[in-house]
Amino acid sequence: MTDTLDHDIRNDIEALEALECELEATEQVETAHDRTLRRRTAVHDIEPGADWNDVEHAILTRRSIRKYKGRQVPAHMVRRIIEMGRFSPSQGNCQPWSFIVVRDKAMIAQMEAYCAAVCQGMTAGVDYTNYPEGSEQRAAIQANTQALNRDNLNSFHPVPMTAIKSIANGRFAVFHKAPTVILLLVDKRGVGVPDIDIGCVGTNIVLAAQSLGLGTCWVGFSKLLSSNAALCEQLGIAPPFELSEAICVGYPIGNPTQQTISRQTHEIIWWEGGEKQILY
Amino acid sequence: MTAPRVEKAVVPPDHLPIWDDPHQALYSQVTIELDKCDGCRLCAVVCPANILEMYGPKDNLKVRLKADVSGCMSCNNCLAVCVAQGVFATEPYDFVGVYEQKRIGPFEFPRRF
Ligand SMILES: Cc1cc2nc3c(=O)[nH]c(=O)nc-3n(C[C@H](O)[C@H](O)[C@H](O)COP(=O)(O)O)c2cc1C
Ligand code: SF4
Ligand code: SF4
């Protein structure tokens, strides 16, 4: 039984490989929908140590851009990168997303002002270092902050707390004064963990943008907007959709994507041939 | 399908960051190698936290951290723009207590396998 199955599969694979060669040989057919894209990468394995291809290059040079030129990004470029987001994988292929593109200066300013105000409130309530040492107020706020920290390990991580402080004192902008902001909405009824699908969409968007010379930055702090019902309504955030993330888009100042940076390596537990290895 | 019950880990107070200790509350350090810096200003321009500034005579400009340095977000954009690689670097994460990073190796530039 297994033998015949294996045999059938082998035949299928041979047939498929022949078909792939044939496909590769055919010229690209021009259609209105780009259904037949020319295969740009070879099907054979690359040599060890081979040069980076275009996708790898985009991944390695992408940086989060937090300073933008004033020039607006042409609308068709924004449509183009969102189109790449549309073709990302999703759990059950249910594509639980929707987009809001904000290119209106006044609207972005309104979003920025609201988020900054929330950050000011947050630092006043949790940053006990603002109060004199030894004071009762400081002790009370410190106890409160520690309790909050213990229950909200992710939100009270030193990284966002440092950023919230900088936003509150006006040194750091939430939307980085970008000319275009894309809000990624998630349909909460999506299969499994729909926010992961939003992560996939956003990844496609930022990589496509990088390949086109645009700068992007994810903005998790955009979530703060969710507590402003009036602004949400005005923007068009309504159930079953929730604001999941935002991505700023614009032309970078300087050229922070010209070189790669170093990054942490992480443990990889590698099981093969009955052996367990630890790689980095 | 019911989610497995997870006991919430109780984090002892001394494992939570203390905001008045900069080492615990801030998460990155900036390293400037002055002899390599040629004063091109690029890093000060791209630094999103605006914590870098130029100083010194016009023909020998160098970059330095502004006096109040909190807010480096370890983005390493400064390193990425500095053409003389390695001139400028951040010593990114060094979290303490409950946020200590685990199962990590050294920092590496992209490796070609
Ligand atoms: C989901 C998500 C949310 C983020 N939110 C913010 C944000 O609110 N503000 C910000 O300046 N950067 C934000 N970032 C960017 C990260 O700080 C950045 O990706 C990280 O520091 C790595 O740097 P790089 O993107 O330049 O490689 C976010 C990134 C992700 C993936
Ligand atoms: S980018 Fe490099 S050379 Fe230019 S000012 Fe900064 S540290 Fe100096
Ligand atoms: S790592 Fe980023 S925030 Fe820190 S000094 Fe460099 S450019 Fe500025």
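In what follows, chains are A, B, ... by sequence order, proteins preceding strands, each numbered from 1.
Interface residue Ile269(A): only side-chain heavy atoms are found under 4.5 Å from chain B. With a threshold of 4.5 angstrom between heavy atoms, Ala50(A) approaches chain B through N, CA, C or O but not through any side-chain atom. With a 4.5 Å cut-off on non-hydrogen atoms, Ser262(A) touches chain B through its backbone and its side chain both. Interface remark: Leu153(A) contributes backbone and side-chain atoms alike to the contact with chain B (heavy atom separation under 4.5 Å). With a threshold of 4.5 angstrom between heavy atoms, Val45(B) approaches chain A through its backbone and through its side chain. Both the backbone and the side chain of Ile261(A) come within contact range of chain B, judged by heavy atoms closer than 4.5 Å. Contacts of Thr145(A) with chain B are made by side-chain atoms alone, with heavy-atom separations under 4.5 Å and no backbone atom involved.
Separation of the Tyr99(B) and His157(A) ring centroids falls under the 6.0 Å cut-off.
When side chains are defined from C-beta on, Val174(A) counts as touching Val219(A), because their heavy atoms get closer than 4.5 Å.
Counting only N and O atoms by type, the side chains of Asn130(A) and Lys165(A) include no donor and acceptor under 3.5 Å apart. Side-chain contact, Thr180(A) with Arg103(A): a donor N or O sits under 3.5 Å from an acceptor N or O. With hydrogens and angles left out, the side-chain atoms of Thr216(A) and Gln210(A) include no donor and acceptor closer than 3.5 Å.
The residue among Asp51(A), Ile268(A), Ile46(A) with the most heavy atom pairs within less than 4.5 Å of chain B is Asp51(A). No other option in Tyr128(A), Phe172(A), Phe156(A) has as many heavy-atom pairs under 4.5 Å with chain B as Tyr128(A).
Taking all atoms of both residues into account, the shortest heavy-atom contact from Ile32(B) to Arg64(B) is CD1-CA, 3.7 Å.
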**OP:** Using the side chain to side chain contact (heavy atoms under 4.5 Å, CB included) rule, take Leu16(B) and Arg150(A) through it: C-alpha gap first, then chi angles, then the decisive distance, then the call.
**Re:** CA-CA 7 Å; Leu16(B) 295 169; Arg150(A) 187 175 294 139; 4.1 Å; yes

